[in-house]
Amino acid sequence: MDLSIKERIISLRSTYDIVAPDGATYTAEKKIFSLFPNLKVVDSAGQIVVNLKGGFALFSQKYDFVFADGRTYHYKTEQRLKPVYLAEGNGEAYRLYRHRGVKFSVYKGDVQVAAITKNRVTIGSGNEYQVQISSDADPLVVAAMVLAFNSSKEDDKKGALSVDVGYMGLEAKACDSSWQPS
């Protein structure tokens, strides 16, 4: 199953087009004038599906993902030296691991549920994330994690053309390039 998250190349504010594995489409927009990062994800009918509310966190990331169905996940930087981001809520925990290069993985508990690849070449603001996702994962939680990461870490990289050489630091988990979704 594939999940696609594409930032629009030209936009006054960060705007993303999301296509879920079931074919549902969503749009995410970041508020222009806000003290903390704030994004809303709406479905094709214009109904808010999830709000990503950023908060103050010195040298890290902190968000609340508030879903329209009443679920709330608390997202934060769990480790900075070996980048790991944690989203906890609804009795479950998702972790986003950053790997060398332009790869990421998401674990639900101790089981990998997604493998993510970011584009290397970007025109304008156009970051793109291709996500292979397991049926055991909630695609909107994984999408919210990617949006929070991109909004906090990649949002300032807006040039006519940029080449991302990738992450070169330490890893908390090695990338499993043989992983396939179930």
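Since this is a predicted model, take the numbers as computed values, not measurements.
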On a heavy-atom basis, which atom in [X] and which in [Y] lie closest, and how many Å separate them?
X    : Y    : answer
N90  : Y73  : CB-OH, 3.5 Å
A87  : F65  : CB-CE1, 4.2 Å
L3   : A20  : CD1-CA, 3.8 Å
Q130 : S4   : NE2-OG, 3.6 Å
P139 : A137 : CD-O, 3.2 Å
R120 : G101 : NH2-CA, 4.4 Å

Distance (rounded to the nearest 0.5 Å) between [X] [atom1] and [Y] [atom2]:
X    : Y    : atom1 : atom2 : answer
I5   : Y16  : CD1   : OH    : 9.5 Å
W179 : Q132 : CH2   : CD    : 6.5 Å
K103 : K118 : NZ    : NZ    : 12.5 Å
L86  : R95  : CG    : CZ    : 5.0 Å
D43  : I18  : CG    : CD1   : 11.0 Å
S105 : L96  : OG    : CG    : 7.5 Å

Q.
Determine whether Q79 and L170 satisfy the following criterion, side chain to side chain contact (heavy atoms under 4.5 Å, CB included), listing intermediate values before the conclusion.
A. CA-CA 11 Å; Q79 293 182 40; L170 301 172; over 6 Å; no
Is [X] salt-bridged to [Y], cutoff N-O under 4.0 Å?
X    : Y    : result
D138 : R71  : yes
K40  : E29  : no
K108 : D136 : no

Less than 4.5 Å apart, any side-chain heavy atom of [X] and any of [Y]?
X    : Y    : result
F149 : Y75  : yes
N51  : L39  : no
V50  : I48  : no
T15  : T27  : yes
V131 : V142 : yes

Side-chain H-bond candidate by donor/acceptor type, [X] with [Y], under 3.5 Å:
X    : Y    : answer
K30  : N38  : no
N150 : Y129 : yes
E128 : N119 : no

Q: For Q47 and V42, run side chain to side chain contact (heavy atoms under 4.5 Å, CB included): C-alpha distance rounded to whole Å, both residues' side-chain angles, the deciding distance at 0.1 Å, then the answer.
A: CA-CA 5 Å; Q47 299 296 313; V42 298; over 6 Å; no
Q. When you look at V19 and D17, which way does the side chain to side chain contact (heavy atoms under 4.5 Å, CB included) test go after all the steps?
A. CA-CA 7 Å; V19 179; D17 296 312; 6.0 Å; no
If hydrophobic clusters are built by linking Ile, Leu, Val, Met, Phe, Trp and Tyr wherever their side-chain heavy atoms come under 4.5 Å apart, do [X] and [Y] end up in the same one?
X    : Y   : value
F67  : Y63 : yes
Y85  : V41 : yes
V113 : Y97 : no

Q) Centres of the Y94 and Y107 rings: under 6.0 Å? A) no
Q: Assess whether side chain to side chain contact (heavy atoms under 4.5 Å, CB included) is satisfied between L140 and Y26, documenting all intermediate values.
A: CA-CA 10 Å; L140 288 174; Y26 303 91; 4.1 Å; yes
Q. Of Q61, E78, H99, R98, which meets side chain to side chain contact (heavy atoms under 4.5 Å, CB included) against P83?
A. R98
**Q.** Identified side chain to side chain contact (heavy atoms under 4.5 Å, CB included) counterpart of V106 within the set V141, I116, V146, I133
**A.** I116
Q) Is the number of heavy atoms from other residues, nucleotides or ligands within 6.0 Å of CG (D69) greater than 12? A) yes
Q) Just by modelled atom types, is the S178 backbone N or O under 3.5 Å from a matching donor or acceptor in the D176 side chain? A) yes
